[in-house]
Amino acid sequence: MATVKCSIPKGTRDFLPVEMARRNYIFDTIRSVFKTFAFEPIETPSLENLSTLMGKYGEEGDKLLFKVLNSGDFMDGVDFTQDYHKVAPQICERGLRYDLTVPFARFVVQHRDQVVFPFRRYQLQPVWRADRPQKGRYREFYQCDADMIGSTSLLNELELVQMIDMVFGRLGINVCVKINNRKVLAGIAEMIGAPERLVDITVAIDKLDKIGLDNVRAELRERGLDEKQIAALDPVFALEGDAGLKLGTLDKMFENVEVGRKGVEELKTLFGYIEAAALKCDVELDLTLARGLNYYTGAIFEVKAKDVQIGSICGGGRYDNLTGIFGMPDVSGVGISFGADRIYDVLTELNAFPEGLEQAARVMFINFGAAEQAACVAIAARLRASGIGTLIYPDAAKMKKQMEFANRKGIPYVAFVGESEMKDGTVTLKNMQDGSQETMTVDSLIEKLK
RNA sequence: GUGGGCGUAGUUCAGCUGGUUAGAGCGCCAGAUUGUGGAUCUGGAGGUCGUGGGUUCGAGCCCCACCUCCCACCCCA
């Protein structure tokens, strides 16, 4: 048989035990914070009906959806001379989920009779995007989402920010939380007389700190705004000072713009809460923050690591009518998503993982041969019953080889049960760190390793 | 989708203006050391130089195509 090339698809990864220990550290930290804030876990399938996913993430998002070919004779009765966009939905009824928020909205609508509102759920699962991989960007990656649905209270927004603060505080990552509000962006668009160009305006404004004011103006021009409209944006670019000051100025600018005033009011309330909450991390109002996912309608969040150059490591926002698409209108939700893989990259670059995360076994028994092995099996059973991670080296290999194995695996203790120990019913325990060893009964062994 | 870079042993890389049998460190296996690991020393295995074509007396090196991975843009976790 011909050998097959060993490889995995572009943008996917295998995880070694060391990496898994570190990933689980991240997941455990996030999960424990979610639980602390009274969120409950759910899971949804990797595959969703494509009709559930399409059109929720904007034009770009649709392109990045992994589509799954129908099973059976999927070509039957399909006119393949048509345009790709027409053919694709006919031969692909399902796709891999792109995020956890849209499937969650579907979940809520589908199980509305079993869900108690306001509902708080968390979900730690992989998502897939047919993006071109690069630093901090993968085709398969984990999102850790927490959403509350069925309440418009801004207390929810505050709690999300508090969770962000707690997670990154525990992980030891310095972050800056950027907050904006889609209603403010809509207000700006309305104010300059181009409410239908909201997306174009926000995408251009979003690039302000990256490409500079002149290039933003050029991009707005390219996107079809006239000079008068572009000039009308000047007071927005000229905003200065802290959140309170900016919001005060904006409020006046929005004298005749109701959405804008509503957005400013929400932000004022939220920033008031945040001030009272005395968080450890930085929180700032960033009017250039737009976020592409087009289902957001209120607050939007993005978290950047301050000491590592990488895309955002957490993001989210409020969506007023995501469930409406599935036939359940007027249910507002708000949530955030932690990017576990990017957080992993940040911790790696900062060298900030705690020591000793992986521990295959606490003690390993040296294998001297058949008779001794039987004695070890009995002792190991007792250790395991006491919850002590125990390993018996499977072969009566050379001592050097067995010791080397224990050493490389970082097993802290090695136990010897040879002829003399068997006779006395004892075990000789060696501390692999300092090399010391002592002979003891099984009872005191359990006591020591517990 | 657009642009840039890389590809040589398990791995990290070296390999001169094209010239005999392609090297090193780490890792791996064995031994020095038959109930004691990390250090040291000795020996050994391991490569169709990403794939295919071309130029040449001769290609790891030059040219073309393809593939892969990495990086940037777009967008995003």
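For A/Gln134, no side-chain nitrogen or oxygen approaches OP1 or OP2 of B/C70 to under 4.0 Å. OP1 or OP2 of B/G31 lies within a sub-4.0 Å distance of a side-chain N or O belonging to A/Lys398. For B/G38, one of the phosphate oxygens OP1 or OP2 lies less than 4.0 angstrom from a side-chain nitrogen or oxygen of A/Lys400. For A/Arg139, no side-chain nitrogen or oxygen approaches OP1 or OP2 of B/C69 to under 4.0 Å.
For the P atoms, the distance from B/C41 to B/A24 is 16 Å, rounded to whole Å. Taking the C1' atoms as reference points, B/A9 lies 11 Å from B/A22, given to the whole Å.
Ring-base stacking between A/Phe141 and B/A77 is satisfied, the centre separation being under 5.5 Å and the plane angle under 30°.
Using modelled atom types, one finds a donor on one side chain and an acceptor on the other under 3.5 Å when comparing A/Asp286 with A/Thr288.
Within the 4.0 angstrom heavy-atom criterion, base atoms lie near A/Glu421.
Out of B/G35, B/A32, B/A77, the shortest distance to the side chain of A/Phe368 is found at B/G35. Picking from B/G38, B/C75, B/G27 the nucleotide with the shortest atom distance to the side chain of A/Glu60 gives B/C75. In the set B/G37, B/C75, B/G35, B/C75 carries the atom at the smallest distance from any side-chain atom of A/Arg223.
For A/Tyr122 and A/Phe39, the distance between ring centers is not under 6.0 angstrom. Taking the six-membered ring for Trp and the full ring otherwise, A/Phe365 and A/Tyr393 have centroids separated by 6.0 Å or more. Aromatic ring centres of A/Tyr142 and A/Phe338: separated by at least 6.0 Å.
Between A/Lys135 and A/Arg132, it is A/Arg132 whose nearest contact on RNA chain B lies nearer the 5' terminus. Heavy-atom distances to RNA chain B give each of A/Met432 and A/Gly311 a nearest nucleotide, and the one nearer the 5′ end belongs to A/Met432.
Going from atom CG of A/Leu171 over to atom CG of A/Leu347 covers 5.5 Å, rounded to the nearest 0.5 Å.
If you measure from atom CD of A/Glu59 to atom P of B/C75, you get 12 Å, rounded to the nearest angstrom. When rounded to the nearest whole Å, the span between CD of A/Gln143 and C1' of B/C76 equals 10 Å.
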